[in-house]
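Just so you know, these numbers use all the heavy atoms, side chains as well, and skip hydrogens, waters and symmetry mates. None of these values were measured; they are calculated from a predicted model.
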Amino acid sequence: MSTAIATKPKSGGAPAKRGKITWPVVLLLIAGALVLVSAVEAYTGNYGLTSSGQVSAALSSAVPIAMAGLGGLWSERAGVVNIGLEGMMVAGTFCGAWAGYLVNPWVGLLAGMAGGALGGLLHALVTVTFGVDHIVSGVGINLLIPGICAYVNRIYYKDYVANGAGANQSPPADPLPEITVPGLSSWLESIESHHWFLVSDVAGILAGLVTNLSVVVVIAAVLLVVTYFLLWRTVFGLRLRSCGENPTASESLGVNVYKYKYYAVVASGAFAGLGGAYLSLVAAHFYKDGQTQGRGFIGLAAMIFGNWMPGGLAMGAGLFGFTDSLQLRDADNVHVLLLVIAIAMALLALWQLYRRKFTGAVISAVVAVGLGLWYALTDTVQRPLIVATPYVITLVVLALASQRLRMPKADGQIYRKGEGK
């Protein structure tokens, strides 16, 4: 998947310079977006986009996407493309819900990671040891694991109908703990209720982060930070990433390439399994066929959007999680979002006009006018369009962001042991 969007360097001459997006620029863009949303909410009287409920729902939707993306990051940094994340997530949902019901939800989380790790081990065995094409192996895993889970589901769950199981779902497991910061949560919600310009919006966002926060969300955030330090600040990480950049040179320096690829792909499956276990233990408390709904693929998109870096991955997961959560909230929020995007595209058109990029300015202006007319001529957005929003956003964002991507050089390449000796 990721190999299809690799950008080829220009032949001859110096490469074209591109403006680098730094963290201060990112923070400035986020602040500007928040001011724009606040202004639109004040104009329309709809404060749903920055409400604590919306933020909490977006966070809940972002966690499985982030864990799938983190799995993809580990695997592809070691040079193994892993589009089997969707199947590994399914293994996590099934094993997590089953162990969560039989023992307790904490064991369910570990079982979900173990189920995903087994899928990763299978992918590593097929791609690293046997040298099968990574895409073929990933597709096979995406077909094999859901089929096995559905088969086992129909054999065993029928004996637990009296305990809440259904034709294609497990009995419910106990919930995991949630965290609410005493005092701070209620104080922020009281500020949010006043609808003060910008202040209440910031309070609503913060309230969503400190109210009824699942402990798995905290674990996911810690894993993102630990991944950065492990892969970019340790010798282990340097060796693992070298396998994804130039495995032949790594082997010539004494690195056991096979071992590091196995570590990365098994860890990749474990992270995807954790994302799946979150769906069946936190989001729904039970396993159900088709529960992942393509989040493994969206996680891969978040990883690519984040340029194979944990920080960018977190931002991508947040963006896709926000759009995914819109279908769970008031449809009027999506209608207001049309006006926000229309104004943002109009501002982008002016910026491109200032930089004399006339083609981009015209395209942005046309999109802005189209969305503005859509908002002005309608009162709501149809439910099927809301459901399709995260997938449309995925395609649009990847199309725009692919111009700045830099994937690991040996990502997806078949490597045979002994090439570096």
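Side-chain contact, Y278 with T93: no donor N or O sits under 3.5 Å from an acceptor N or O. Between the side chains of S137 and H123, at least one donor N or O sits under 3.5 Å from an acceptor N or O. Between the side chains of Q54 and S325, at least one donor-acceptor pair of N or O atoms lies under 3.5 Å. No side-chain N or O of T248 forms a donor-acceptor pair with one of Y415 less than 3.5 Å apart. For the residue pair S52 / E192, a side-chain donor-acceptor distance below 3.5 Å is found, with atom types taken as modelled.
Counting heavy-atom neighbours within 6.0 Å of F197 CZ, excluding the residue itself, gives a total above 12. Applying the 6.0 Å contact sphere to CD of Q382 captures no more than 12 heavy atoms from other residues, nucleotides or ligands.
The line from NE2 of H285 to OG of S170 is 11.5 Å long, rounded to the nearest 0.5 Å. To the nearest 0.5 Å, atoms OG (S60) and CG (N212) are separated by 11.5 Å. Atom CD1 of I141 sits about 4.5 Å away from atom CG of L122, to the nearest 0.5 Å. From T227, atom OG1 reaches atom CZ of R77 across 12.0 Å, with rounding to the nearest 0.5 Å. One finds the CG atom of L184 at 7.0 Å from the CH2 atom of W187 (value rounded to the nearest 0.5 Å). In this structure, S364 OG and Q352 CD are separated by 4.0 Å, a value rounded to the nearest 0.5 Å.
Using a distance-only test at 3.5 Å, with no hydrogens or angles considered, no donor-acceptor pair links the side chain of T129 to the main chain of V126. In this structure a side-chain-to-backbone donor-acceptor pair under 3.5 Å is missing from D201 to V37. Looking at S200, its side chain does come within 3.5 Å of a backbone N or O of I191 through a donor-acceptor pair. Between the side chain of S186 and the main chain of G183, a donor-acceptor pair closer than 3.5 Å is present. Here the side chain of D133 pairs a donor or acceptor atom with the backbone of I135 at under 3.5 angstrom. Looking only at distances, no side-chain donor or acceptor of S75 sits under 3.5 Å from a matching main-chain atom of G71.
Heavy atoms only, all atoms of each residue included: A314 and L224 are closest at CB-CD1, 4.1 Å. A pairwise comparison of heavy atoms in I83 and V139 identifies CD1-CG2, 3.6 Å as the closest pair. Listed here is the closest heavy atom pair of L274 and M67: CD2-SD, 3.7 Å. G299 and A68 get closest at one heavy-atom pair: CA-CB, 4.1 Å. Pairing each heavy atom of S214 with each of V282, the nearest pair is OG-CG1, 3.6 Å. Here the closest heavy-atom approach between residue G269 and residue M88 is recorded as CA-SD, 3.6 Å.
At a threshold of 4.5 Å between non-hydrogen side-chain atoms, the residues I148 and F94 do not count as touching. Taking the side chain as every heavy atom from C-beta outward, L36 and V340 approach each other to under 4.5 Å. With a 4.5 Å cut-off on side-chain heavy atoms, T380 and T378 do not count as touching. Side-chain contact between C243 and R239 is absent, with no heavy-atom pair separated by less than 4.5 Å. Considering only heavy atoms from C-beta on, E86 stays 4.5 Å or farther from I145 through its side chain. L279 is listed as a side-chain neighbour of R295, based on a closest heavy-atom distance under 4.5 Å. Side-chain contact between I341 and M345 is present, with at least one heavy-atom pair separated by less than 4.5 Å. Residues P408 and W308 meet the side-chain proximity criterion, which asks for heavy atoms closer than 4.5 Å.
E245 has a carboxylate O that lies under 4.0 Å from a charged side-chain N of R406, or vice versa, which qualifies the two as a salt bridge.
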*Could you go step by step and tell me if L85 and L300 meet the side chain to side chain contact (heavy atoms under 4.5 Å, CB included) rule?*
CA-CA 8 Å; L85 290 168; L300 271 178; 3.7 Å; yes
*Take T180 and L213, measure what side chain to side chain contact (heavy atoms under 4.5 Å, CB included) needs, and give me the verdict at the end.*
CA-CA 6 Å; T180 297; L213 189 68; over 6 Å; no
*Show the numbers, then the answer: is there a side chain to side chain contact (heavy atoms under 4.5 Å, CB included) between Y287 and W98?*
CA-CA 8 Å; Y287 164 83; W98 191 233; over 6 Å; no
_Run the side chain to side chain contact (heavy atoms under 4.5 Å, CB included) test on V40 and Y43 for me, step by step, so that the C-alpha distance in whole Å, both residues' side-chain angles and the decisive distance to 0.1 Å come before the verdict._
CA-CA 5 Å; V40 171; Y43 169 74; 5.6 Å; no
Side-chain atoms of residues 230-238: list all donor-acceptor pairs with protein atoms under 3.5 Å, sequence neighbours left out, distances to 0.1 Å.
unit_1, atom_1, unit_2, atom_2, d
R233, NH2, Y228, OH, 3.0
T234, OG1, L230, O, 2.3
T234, OG1, G237, N, 3.1

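For M315, the side-chain contact (heavy atoms from CB on, under 4.5 Å) partners at least two apart in sequence or on another chain are W23, V26, F305.
Y263 and Y260 have perpendicular rings, their planes meeting at more than 60° on a 0 to 90° scale where under 30° would count as parallel.
Results of the side chain to side chain donor-acceptor pair (under 3.5 Å) test with E41 over N333, N46, T50 single out T50 as the only residue that passes.
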